[in-house]
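Below is one structure, written out as structure tokens, with a few remarks after it.
Numbering starts at 1 and runs along the sequence shown. In each ligand, atom 1 is the first atom listed, and ligand 1 is the first ligand listed. Computed from a prediction, not measured in an experiment: that's the story for all the values here.
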Amino acid sequence: MISFEIITLFPKFFLSPLKESILRKAQEKGLIRVRVHNLRDYTKDKHHVTDDYPYGGGAGMVLKPEPVVEALEETRDCRSNSQSILLTPRGKCFSQNMAEQLTNYQQIIFVCGRYEGVDERIRTFVDREISIGDYILNGGESAALVIVETVSRLIHGVLGSHESISGESFTTGLLEYPQYTRPKSFRDYAVPDVLLSGNHEEIRRWRLREALKMTFLRRPDLFETKMLSDEEKKILNNIKQELSMLQDKKS
Ligand code: SAM
């Protein structure tokens with residue numbers, strides 16, 4: 001079981017997403033635990049102040065270090081393999097690989113920033129900093145949810161057999177092949193014949209080819225880290241030749 005601990009100024013943010021569908025079932029089955037900690041509960045002053053003006057001036061407020069570090073220290077379970085994460089646009093970009101690594105921890109603690117961000121000294125008290133992409137959110141809450149969901153679905157038993165992760169985009173190092181369901185024909189668009197053929201080997205080869213083509217056209221950067229099998233190299237070369245012939249015809 002992985003225990004997710006979320007330190008936030010807005011605990012209610014998590015009410016609905018954690019009570020729906022796969023994440024709800026994963027908690028009911030005891031495969032994950034998600035606890036949301038209100039940052040205000042870790043303040044020591046009468047007014048439960050969690051933020052203050054930035055030194056040096058400038059717009060907005062900054063989360064103070066004392067309550068955040070207090071929350072981190074109280075939440076961390078020293079007996080378990082724990083990892084604390086500061087959510088920040090300056091962090092390492094979250095990926096499927098990182099999600100796989102995170103499944104090795106028994107406890108994952110998230111610090112959700114708000115306003116202009118957090119006091120710089122908080123960085124010293126966390127194990128890593130993660131960003132979920134090159135854009136700015138209002139707070140770390142949606143980033144924490146993205147990571148909880150991505151990591152949880154990798155835990156054995158969280159997904160039913162009909163929601164298998166094998167073959168999914170990024171898991172294989174490629175984007176996924178196109179998926180179709182009934183009806184066989186929709187408006188002017190038919191399902192590719194090969195998928196109706198019942199020939200498993202042909203279907204496997206078609207899917208591999210489509211995955212390679214999709215990746216080549218949309219995310220060629222993924223090939224920089226993927227080790228291709230001989231079969232994949234051959235198909236990819238073939239796709240490249242086909243595409244360049246098409247290009248030649250057009251020009
Ligand atoms: N002033 C900060 C900056 O320019 O980098 C942005 C602060 S943002 C409005 C408030 C909080 O949202 C951040 O402290 C962080 O916790 C969270 N956040 C915003 N964008 C994020 C991203 N791409 N990934 C992870 N967390 C993010």
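- Residues F216 and K240 are in side-chain contact: their nearest non-hydrogen atoms beyond the backbone lie under 4.5 Å apart.
- Salt-bridge formation is not detected for the pair R209/E231: no Lys NZ or Arg NE/NH1/NH2 atom is positioned less than 4.0 Å from an Asp or Glu carboxylate oxygen.
- Within 4.0 Å of ligand 1, counting heavy atoms only, the contacting residues are L87, T88, P89, G113, R114, Y115, E116, G117, I130, S131, I132, G133, Y135, I136, L137, N138, G139, G140, A143.
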- Item | Worked check of salt bridge (charged side-chain N to carboxylate O under 4.0 Å, His left out) between E210 and R207 | CA-CA 5 Å; E210 291 301 311; R207 285 181 166 164; over 6 Å; no
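- Side-chain atoms of S84 and D127 form a donor-acceptor pair, as typed in the model, at a separation below 3.5 Å.
- Residues passing the side-chain hydrogen bond (donor to acceptor under 3.5 Å, both in side chains) test with N199 are E202, sequence neighbours excluded.
- There is no side-chain donor-acceptor pair under 3.5 Å between Q107 and Q83.
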